[in-house]
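Notes follow the structure.
Start at 1 and go down the list; that is how both ligands and their atoms are numbered. Remember, it's a predicted structure, so these values are computed and weren't measured experimentally. Below, all heavy atoms of this structure are taken into account, side chains as well, without hydrogens, waters or symmetry copies.
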Amino acid sequence: MPVLHDKTVVLGLSGGIACYKAAELVRALVKQGVTVRVVLTRGAAQFITSLTLQTLSGHPVAIDTFDLTQESEIGHIRLADSADVLVIAPATANVIAKLAHGIADDLLTTVALATRAPIVVAPAMNVNMYRNPVVQANLAKLRQLGMHLVDPEAGWLACGYEGEGRLASEASLLEGIKTALTPQVMAGERVLVTAGPTREAIDPVRFISNRSSGKMGFAVAAAARRHGASVVLVTGPTALEAPLGVERIAVTTASEMRDAVLAREPWASVVVMTAAVADYRAAHPARHKIKKGNGSLSLALEQTEDILSEVGARRRADRLLVGFAAETEHGIEHARRKLREKRLDLIVLNDVSQTDAGFDVDTNRVWLISAEGEAEGWPLLDKEVVAERLMERVASLRSSASGPAEPKAGARARRERVAEP
Ligand code: CTP
């Protein structure tokens with residue numbers, strides 16, 4: 001189940017051409033299991049019909065404060081209370097000014113004053129309006145008041161101008177909403193994540209690699225960022241876009257990944273290695289394409305560097321080191337050995353023999369094995385949710401007064417809640 005599942009978003013639209021994009025946002029939220037209650041300003045109702053939004057959200061759309069007044073309840077208060085998050089997208093300069101000054105002259109601004117939920121504001125307007133010092137001062141005030149701003153993008157604007165002012169992309173809006181709902185328990189942490197496969201050349205057109213898609217590592221990087229950390233993501237070749245606000249370092253081979261990780265490792269307070277690093281590479285990659293012969297072909301392989309072991313050897317008491325283990329049999333036993341040998345604080349075990357977990361799928365079924373060797377099985381979850389929970393665990397280990405414990409060699413599980421994969 002996605003991170004936003006079962007949440008209630010009250011989505012306020014104010015009057016701008018970007019209202020049509022809010023319709024897509026409603027769809028994306030509903031698809032993730034979110035209850036969306038739409039509020040339109042009178043201006044917004046000129047740009048998009050309430051019927052469109054009502055059809056997409058499956059709930060009535062409110063415009064007037066008095067639309068919601070029924071016999072015994074104060075509708076706007078009830079709406080404000082029902083929100084896990086209030087999102088205002090698009091937010092015009094006018095609504096931003098009202099939010100900054102506590103003006104409540106319509107339903108949307110009244111709900112904004114009445115709610116105790118976090119508020120996400122996504123401005124969209126003409127570039128000159130956006131740059132106007134009074135608008136910038138109002139936005140600064142919103143930030144200061146603890147509202148979450150999702151900045152507009154630069155590009156071609158419907159008014160014919162070019163510049164900042166375009167409503168943020170759907171991905172940025174969704175990430176902004178998730179961040180507003182996430183406690184900032186990793187604020188101040190510096191998280192280094194590895195992800196994806198590596199590729200080792202056999203000749204100029206062929207390589208050795210594996211089935212890793214990078215999804216788990218990218219989800220970990222996004223979750224760390226969402227919880228307030230600064231994040232660097234070292235990734236092998238994948239088709240994924242870097243999560244917002246995350247610095248991405250693209251590498252190809254195990255050796256390049258090692259160099260990138262060791263260069264950033266002194267900076268990191270938390271290292272999470274999800275990458276499926278090739279264990280072997282061609283000992284003598286051919287300079288030219290290997291031509292087909294008549295018989296079989298043997299390829300001499302040599303071992304690559306074990307990056308995680310190298311980082312583990314540089315163990316620091318003030319740093320937390322998390323590894324992943326991909327196994328197809330005797331998972332817990334192998335993962336415990338890796339935890340010990342690589343000197344980790346935590347290892348996440350994936351059973352990659354299953355079709356709904358591990359490589360190249362959106363879900364994962366993992367076991368967490370602590371420094372003491374204790375194994376804890378999690379049910380089948382979206383990788384995003386695994387990453388989210390993992391971050392909560394990392395944060396609690398980081399905040400434990402004595403810091404992460406030294407792994408105890410040979411320690412056995414005190415308690416086993418799951419069958420060995
Ligand atoms: N790892 C690494 N460098 C390598 C191999 C693995 O940093 N050359 C890291 C992975 O990112 C992962 C952990 O070590 O966090 C375990 O990886 P895994 O592939 O499960 O195990 P290996 O150590 O490669 O052992 P084996 O292939 O025998 O299972």
- request: Please report the C-alpha distance between R393 and E376 in whole Å, then the side-chain angles of each, then the deciding distance to 0.1 Å, and finally whether the side chain to side chain contact (heavy atoms under 4.5 Å, CB included) criterion is met.
  value: CA-CA 12 Å; R393 182 64 56 94; E376 177 183 324; 2.9 Å; yes
Is it the case that [X] and [Y] place a side-chain donor and acceptor less than 3.5 Å from each other?
X: T179; Y: T182; answer: no
X: D351; Y: S353; answer: yes
X: E189; Y: S269; answer: yes

- request: Identify whether the distance between the nearest side-chain nitrogen and carboxylate oxygen of E241 and R248 falls below 4.0 Å.
  value: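 Judged by the 4.0 Å cut-off on N to carboxylate O distance, E241 and R248 do not form a salt bridge.
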- prompt: Do R225 side-chain atoms and A229 backbone N/O form a donor-acceptor pair below 3.5 Å?
  reply: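 Checking the backbone N and O of A229 against the side chain of R225, a donor-acceptor pair under 3.5 Å is found.
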- prompt: List by chain and number: which residues place a heavy atom under 4.0 Å from ligand 1?
  reply: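 Close residues (ligand 1, cut-off 4.0 Å): M273, A275, V277, D279, T304, E305, D306, I307, L308, G323, F324, A325, A326, K338, K342.
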